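Note that ligands are numbered from 1 as they come in the structure, with each ligand's atoms numbered from 1 the same way. This one's a predicted model, so the numbers in the text were calculated from it and none came from an experiment.
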Amino acid sequence: MIHAVSFQHGRLGYLDQRFLPLKENYIDTKDYLTAVDAIKTLAVRGAPLIGIVAGYAVSLAASGYKGKKKNFKPFFTKAVAEIEASRPTAVNLFFATARMKKVFRKHFAAMDLPQLAEALRTEALVIHTEEVLRCEHLAAGGLKLFERTFKTILKTRKLRILTHCNTGTLATGGLGTALGVIRAAWQRGLIEKVIASETRPLLQGLRLTAWELEHDNIPFEVIADGASGLLMQRGEIDGVITGADRIATNGDSANKIGTFNHAMAAFAHRKPFFIAAPVSTIDRAIHSGTQIPIETRGGDELKVIFGRRVAPERIPVSNFAFDVTPAKFITGIITDTGTFKKPYKF
Ligand code: MRU
């Protein structure tokens, strides 16, 4: 059993994903700034997990506060702002902090600080529990969709499905989103093989998805990100399923850089391309993918691999962490409350 995150006796525990699969380092902290740093450095990552950890970070900030009640509000506001500044694209983070702020607003006047900290801790635990349950509903819906979509192929053989980045337990704390659907389809006997793209530059596919698939004994192979077109051309991929970090109300979906390229390859070869994400990834405040903030990260993530410099510092690079796949290239969006098809209206 993989434990991506836990919260016990007022302490946040998480698996530091930066060193997987070579090292399994579990970190345990009471300090909200350590949680902020974990999100920033991708020690914890994946949209739903970022939301879960953000909720716990707010809770840790409140329980760690030692000052007077009259000074709590500015402290809380600053702490939440620090948490919200950790990563920009995954909307789950802001969904979680909005819920924590609502609890603060509701109870601040009437409760003393220990009571308020307790109310915030409860809300963080509820966010975590809900995300885990969302994965289960999503996987059940995704399985039905797979059975319908691939009905003809499934009459003669099992499926070869491409996925990108990591969308499993490490990204959600639960079964996973895209990987949750794959897990359900594997258990139903529908999967011949998962094709996981390595996901440059931080290798979430090669390091994390491969680790989870191996753990579950699901047959897989890892390919370079650029190989999906070739494999589709050869008929070796039947369809694609990925997660998302933020979905606009028109269905445009941001996900790990490289997702759009897979969607284009799928479109060119008439293969279905699915997004799987909980409703906490839908941003109802934005109507188009052009409004989604795309995180750019330090160039050394490209030029230094596992501590080893592979290109001189002077080489100019751009390190975009996400891209947006326009809704028109998405065959269906699988959520925990149902599957949506074009034209998307959330
Ligand atoms: O930069 P990361 O590793 O946080 O990016 C993660 C992804 O892009 C995932 O595909 C996405 O969050 C969906 S996770 C269920």
For this session: Compare all side-chain heavy atoms of Thr149 with those of Phe274 and state whether any distance is below 4.5 angstrom.
Result: yes

Exercise. So, Glu198 and Arg207, do they make that salt bridge, N to O below 4.0 Å?
Worked result: no

Exercise. Tell me, which pairs form a salt bridge (charged side-chain N to carboxylate O under 4.0 Å, His left out) where one or both residues lie in residues 79-102, sequence neighbours left out?
Worked result: Lys78-Glu82, Glu84-Lys101, Arg87-Glu295, Arg99-Glu123, Arg99-Glu130

Exercise. Would a line drawn from the ring center of Phe76 to the ring center of Phe104 be shorter than 6.0 Å?
Worked result: yes

For this session: Please confirm whether Phe72 and Tyr65 have ring centers closer than 6.0 angstrom.
Result: yes

Exercise. Who's touching ligand 1 if we go heavy atoms under 4.0 Å?
Worked result: Leu42, Arg45, Gly46, Ala47, Pro48, Arg87, Cys165, Asn166, Thr167, Ala171, Thr172, Thr177, Gln204, Gly243, Ala244, Asp245, Asn255, Lys256, Phe322

Exercise. Which pair of heavy atoms, one from His128 and one from Ile52, lies closest together, and at what distance?
Worked result: CG-CG2, 3.7 Å

